[in-house]
2 protein chains.
Amino acid sequence: MPTLQDIANQTRTSISTVSRVLAGGPSARRISHATRQRVMEAARVAGYRPNLIARSLRTRKSHTIALLVSDIANPWFGQMARLIEQSLHRHGYSLMLCNSGEELASEVEYLQLLPQKGIDGLIFVPLTRTKKALMEILPANLPLVVLDRPIAGIGWSVYTDQDQSAHLLCDILENHGVKTIALAAGPQQIVTHRRRAEICAERFKVIARVDGPAQRETGRMAFVKFLNVRPDAIVCTNNFLGQGILDSMTEVEQPALIGCFDEIPMMHLLPIPIVCSVQDVPMLAEGCVNQMLAQLQPQPQTSPKPIVLTSRAVTNPAFHRGRINS
Amino acid sequence: MPTLQDIANQTRTSISTVSRVLAGGPSARRISHATRQRVMEAARVAGYRPNLIARSLRTRKSHTIALLVSDIANPWFGQMARLIEQSLHRHGYSLMLCNSGEELASEVEYLQLLPQKGIDGLIFVPLTRTKKALMEILPANLPLVVLDRPIAGIGWSVYTDQDQSAHLLCDILENHGVKTIALAAGPQQIVTHRRRAEICAERFKVIARVDGPAQRETGRMAFVKFLNVRPDAIVCTNNFLGQGILDSMTEVEQPALIGCFDEIPMMHLLPIPIVCSVQDVPMLAEGCVNQMLAQLQPQPQTSPKPIVLTSRAVTNPAFHRGRINS
DNA sequence: TTGTATGCGTTATCAG
DNA sequence: CTGATAACGCATACAA
């Protein structure tokens, strides 16, 4: 690949002249029209492309943002990743994708690696729970946006109000006549799963409970364990758990109500009554990109303030066909 | 952040000594045990971390692989991305994620940008259809693996045999008594969509057809258009089109059979007969990582040879409840 | 065993 | 208006 030096040789100018011309902008206007044309033409025919690694080393800006999520195979994060990538790309940034797999060791490893890679910022679905723990690993000045799971003391964050979200779900279940539930809960270290479980436990009598990773497999195990008890509803603290439960229901024999967070694909077709409290993914994505861009601006730092969104409820037709105890 | 120079100053050694010590491996053993300890200790307390951008500039290796897909919001690619990221990470590589959104302009833009960013290799779900067009954009020596959609003349590629896959689906539909179909087809520039559509058209009488982007929305439009015709089955050239069709079926009134490629979530619960010809995503992911790693080895280049996998058929209970014309 | 010097491709400063 | 020249942080050939 041709370098600035090559172009300089071909045009009998110096490396700095070429740099100035190709930089475009004010420094380019200070070059005579003649040589400017000559340089640009030479660069064009040579197919010159700046080496962005060299540029990064010099400018200390890589125009790369890292997105560290817990499970990119979850379509919820997939959708998020697409929106974030799209938006960042429009603003001239590339995306480095990392998957912690909900494992703290993996998360810490990435948190150490990424700054070495020279990322300009990090959008982060944390497993780590305190600002202090985070500050020990990350450079203090790295632009950071915490996504989905708030951390006390960190203002650059975007998440959904879990109390609103959970109470919304519970209200609907309650109106539907639910008194007892079985609970399939994700890891309780994760604030979203914990808060959802807590609120559901406050509002209903929990007659069975399974805890485990927020994966379909946990849902499937939960289904088996819930076979004997007869809850009015099964509540899952996220969509994957819900899918796991549904996966296990091959035939429909007086199905329990399913209450769950975020969307279940095809739910309105399923012959099983389902109500979901779903977060606004596009707004979350837009919010965290905006917070990132705000920090990337060298100029007027708007003060960090969390963006807190609300959920809306979605039910399927099967849900409306039956009402318990009525 | 401390640099090699800083550590050298603190230990009263030179920058190259420090570099050698921290490099570990053979060059480190050529340093006296005493100074080695001293340097390592100093690096530890200073919290030294190598600047990987500087290293990349020098070594011309970034340990970063780009994955350019057409739609990361499609769970099929989400799963793929997770497996690829996981595997690459185990081998010491990071992943840069790019989403072409099935737009050629966007794809070309990324293809020009990524080599400038210094990626070590590219895993690529192409929209571009010829090796020639690709070679005009990409550096000839960039390790490249073409995923999912073969390009003539490119040996480093991993994909599924679309003929096997489509005939598998058609066999099952035929055995089930299907004679006429309606076809919801993705973009015909894309070889997978085109081949699937061709084969289905050879084997059945197509009495209606909708073409469009491989998104749910196209499926929904297709459903409306198919309302009047009465095909024995509706065939979709990918999962998203299938989901779109199903999305539109709120109530089940003598549903048509659905035939589709790749998985429909929750399909075995749906009261609609479905048969899918699904690709082996883990094998595809493993295959393309292996092909990438093979090219990254400086030593013995195994000769490029496409990895071609087969699909397997999956049906849901509703499918077995009814048989047409019998 | 260790230090010196050079270069990777840019940007930026400082002369002229 | 333009050209040397010095970083950026690291790896490495060559000396010592």
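A, B, ... follow the sequence lines: proteins, then strands. Residue 1 opens every chain. Since the structure is predicted, the reported quantities are computational estimates derived from the model, not experimental observations.
Remark: A:Arg55 is in phosphate contact with C:dT11, judged by side-chain N or O atoms under 4.0 Å from OP1 or OP2. Side-chain nitrogen and oxygen atoms of A:Arg20 include none within less than 4.0 Å of the OP1 or OP2 phosphate oxygen of D:dC1. Applying the 4.0 Å criterion to OP1 and OP2 of C:dT11, one finds that A:Ser19 has a side-chain N or O inside that range.
Between the side chains of B:Glu107 and B:Thr128, a donor-acceptor pair is found at a separation under 3.5 Å. A donor-acceptor contact closer than 3.5 angstrom links the side chains of B:Asp71 and B:Gln215. Residues A:Lys117 and B:Ser56 bring no donor and acceptor atom of their side chains to less than 3.5 Å of each other. Side-chain contact annotation: B:Ser32 with B:Thr35, donor-acceptor N/O pair under 3.5 Å present.
In this structure, the CG atom of B:Asn51 is 7 Å from the P atom of D:dG9, given to the nearest Å. When rounded to the nearest whole Å, the span between CZ of A:Arg60 and C1' of D:dC10 equals 13 Å. For the pair B:Asp6 CG and D:dA7 C1', the interatomic distance rounds to 15 Å; values are reported in whole Å. Between A:Ile7 atom CD1 and D:dT2 atom P there is a gap of 17 Å when expressed in whole angstrom units. One atom, CG of B:Leu57, and another, C1' of C:dT11, lie 13 Å apart when rounded to the nearest Å. In this structure, CD1 of A:Ile53 is placed 16 Å from C1' of C:dG7, rounded to the nearest angstrom. Atom CZ in B:Arg30 sits roughly 14 Å away from atom C1' in D:dT12 (whole-Å rounding). Counting to the nearest Å, the P atom of C:dG7 and the CG atom of A:Leu4 are 17 Å from each other.
B:Ser56 comes within 4.0 angstrom of nothing in the nucleic acid, heavy atoms only. In this structure, B:Arg29 reaches neither bases nor backbone, as no heavy-atom distance under 4.0 Å exists between it and the strands shown. Within 4.0 Å of B:Ser27, counting heavy atoms only, lies no atom of the nucleic acid at all. Among the heavy atoms of the strands lying under 4.0 Å from A:Arg49 are primed sugar atoms or P, OP1, OP2 only; no base atom is included. A:Leu52 comes within 4.0 angstrom of nothing in the nucleic acid, heavy atoms only.
Note on B:Arg44 versus B:Glu41: salt bridge recorded, some NZ/NE/NH1/NH2 to OD/OE distance being below 4.0 Å.
Of the two residues near DNA chain C, B:Arg38 and B:Ala54, the one whose nearest nucleotide lies more 5' is B:Arg38.
For B:Thr3, counting side-chain heavy atoms from C-beta on, the closest listed nucleotide (C:dT1, D:dG9, D:dG3) is D:dG9. Of the listed nucleotides (D:dG9, C:dC8, D:dC1), D:dC1 has the atom at the smallest distance from the side chain of A:Ser32. Considering only the side chain of A:Ser14, D:dG3 comes nearest among D:dT2, D:dG3, D:dG9. Nearest nucleotide to the side chain of B:Ser16, out of C:dT4, D:dA4, C:dT11: C:dT4. Which of C:dT2, C:dT10, D:dC10 sits closest to the side chain of A:Arg58 comes down to C:dT10. Minimum atom distance to the side chain of A:Thr17 is reached by D:dT2, of the listed C:dT4, D:dT2, C:dT2.
With contacts defined as side-chain heavy-atom distances shorter than 4.5 Å, the pair A:Thr13/A:Arg38 qualifies.
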